[in-house]
*Asks:* 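Before I ask anything, let me first share the structure, which is written out below as structure tokens.
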Amino acid sequence: MHGLKNELKKEIYSFIFHGGFNELIDYLNTLATVENEGPVLGHSLSSIYAELSIIKSSMKTRKSISDYIKKWLKEKNIQRQSYIYKRANIERDHWSKLVSGITHEPELRTLYKLAIAFELTIEETNEFLLNFNRAFSPDSNMTDQIVSYFISNRIYEPTEIDNMLHEFGEEALFSDDN
């Protein structure tokens with residue numbers, strides 16, 4: 001087990017320090033650019049207006065956290081919601097607020113937990129984060145880089161993720177001692 005942990009740690013170091021994270025960001029930006037072609041914010045008032053119009057229209061079509069949860073429960077044929085909120089280590093009352101739509105702007109940590117609990121791909125996670133005006137970025141902190149590594153490599157084991165966060169001196173995502 002210890003050898004596997006060291007191997008994974010080496011892989012994450014390599015991923016981060018040899019450009020893997022930046023390549024992932026470039027890839028995700030390419031997807032966003034292709035899907036959301038439109039004016040780029042420039043110096044003219046007309047381009048500023050056009051950019052703000054796009055933002056305003058996207059705000060109307062923005063999905064709620066409740067919409068995402070219901071969609072994934074159905075798509076992934078998850079019969080018991082408790083499977084997800086327990087896997088994500090989300091308290092039942094907080095989960096109820098998420099599902100009912102009471103919570104409009106969930107914390108980034110909650111978004112990460114849901115992405116991992118639902119075993120989303122990196123593309124699905126990026127779309128999900130962008131919906132809440134969050135994203136993986138090249139200058140992000142170590143937690144973001146570690147989470148993106150695990151998701152992009154389809155490793156969804158909360159204990160492994162927390163152990164690796166601890167190895168890098170970051171706060172655990174899933175354990176109760178955070």
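Heavy atoms only: backbone and side chains are in, while hydrogens, waters and symmetry mates are out.
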*Asks:* Examine distances only and state if a side-chain atom of Lys76 and a backbone atom of Phe118 form a donor-acceptor pair shorter than 3.5 Å.
*Replies:*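 Yes: the side chain of Lys76 pairs with the backbone of Phe118.
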*Asks:* What closest approach, in Å, do Ile65 and Thr103 show between heavy atoms, and which atom pair accounts for it?
*Replies:*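 Distance-wise, the nearest heavy atoms are CG2-O, 3.4 Å.
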*Asks:* With a 3.5 Å distance limit and no angle check, can you tell me whether Lys113 reaches the backbone of Asn89 through a side-chain donor-acceptor pair?
*Replies:*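 Yes.
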*Asks:* Can you check ring-ring contact (aromatic ring centres under 6.0 Å, His included) on Phe150 and Tyr156, steps first, answer last?
*Replies:* CA-CA 7 Å; Phe150 277 90; Tyr156 303 107; 9.4 Å; no
*Asks:* Under the criterion side chain to side chain contact (heavy atoms under 4.5 Å, CB included), I'd like the reasoning laid out for Thr110 against His94: C-alpha separation, chi angles, the key distance, then a yes or no.
*Replies:* CA-CA 10 Å; Thr110 301; His94 185 217; 3.7 Å; yes
*Asks:* Give the intermediate values and the outcome of side chain to side chain contact (heavy atoms under 4.5 Å, CB included) for residues Phe168 and Ile146.
*Replies:* CA-CA 9 Å; Phe168 281 87; Ile146 291 170; 3.6 Å; yes
*Asks:* Is a side-chain N or O of Asn141 found less than 3.5 angstrom from the main chain of Thr143, in a donor-acceptor match?
*Replies:*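 Pair found, side chain donor or acceptor close to backbone of Thr143.
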*Asks:* Taking Tyr85 as the starting point, is it possible to reach Tyr83 by hopping between hydrophobic residues whose side chains are less than 4.5 Å apart?
*Replies:*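 Per the 4.5 Å side-chain linkage, Tyr83 and Tyr85 are co-clustered.
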*Asks:* Is there a donor-acceptor pair closer than 3.5 Å between any side-chain N or O of Ser175 and the backbone N or O of Ala172?
*Replies:*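 Here the side-chain-to-backbone pair does not exist.
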*Asks:* Does the pair Leu173 and Ile116 meet the rule for a side chain to side chain contact (heavy atoms under 4.5 Å, CB included), with working shown?
*Replies:* CA-CA 11 Å; Leu173 190 61; Ile116 292 163; 4.0 Å; yes
*Asks:* Considering non-hydrogen atoms only, spot the tightest contact between Ala135 and Leu130 and give its length.
*Replies:*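 Result for this residue pair: CB-CD2, 3.8 Å.
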*Asks:* Quick one: do Glu91 and Lys97 make a salt bridge, cutoff under 4.0 Å?
*Replies:*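 Salt bridge: no.
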*Asks:* Determine yes or no for a side-chain-to-main-chain donor-acceptor pair under 3.5 angstrom, with Thr121 supplying the side chain and Glu124 the backbone.
*Replies:*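 Such a contact is found between Thr121 side chain and Glu124 backbone.
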*Asks:* Which heavy-atom pair separates Ala88 from Ala117 by the least distance, and what is that distance?
*Replies:*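 The pair with the smallest heavy-atom distance is CB-CB, 3.8 Å.
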*Asks:* Measure up the Phe128 and Phe132 rings against each other and bin them: parallel (under 30°), tilted (30 to 60°), perpendicular (over 60°).
*Replies:*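 Rings of Phe128 and Phe132: perpendicular, as their planes differ by over 60°.
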*Asks:* Any idea which heavy atoms bring Ile155 and Ile161 closest together, and the distance?
*Replies:*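 Result for this residue pair: O-CD1, 4.0 Å.
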*Asks:* If you compare all heavy atoms of Ser148 against all heavy atoms of Ile122, which two are closest, and at what distance to 0.1 Å?
*Replies:*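 The pair with the smallest heavy-atom distance is O-CD1, 4.0 Å.
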*Asks:* Enter the distance from Gln81:CD to Lys70:NZ here, rounded to the nearest 0.5 Å.
*Replies:*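 These two atoms lie 9.0 Å from each other.
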*Asks:* Tell me yes or no: between the side chains of Asn77 and Glu75, is some donor less than 3.5 Å from an acceptor?
*Replies:*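 On atom types as modelled, these side chains do not qualify, holding no pair under 3.5 Å.
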*Asks:* Is Asn126 reaching over with its side chain to a backbone N or O of Glu123, donor-acceptor style, under 3.5 angstrom?
*Replies:*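 Pair absent, no side-chain N/O of Asn126 close to backbone of Glu123.
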*Asks:* For the side chain of Glu160 and the backbone of Glu157, is there at least one donor-acceptor N/O pair under 3.5 Å apart?
*Replies:*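 Not confirmed, Glu160 side chain does not pair with Glu157 backbone.
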*Asks:* Examine distances only and state if a side-chain atom of Asp144 and a backbone atom of Phe136 form a donor-acceptor pair shorter than 3.5 Å.
*Replies:*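 Judged by distance alone, no pair lies under 3.5 Å.
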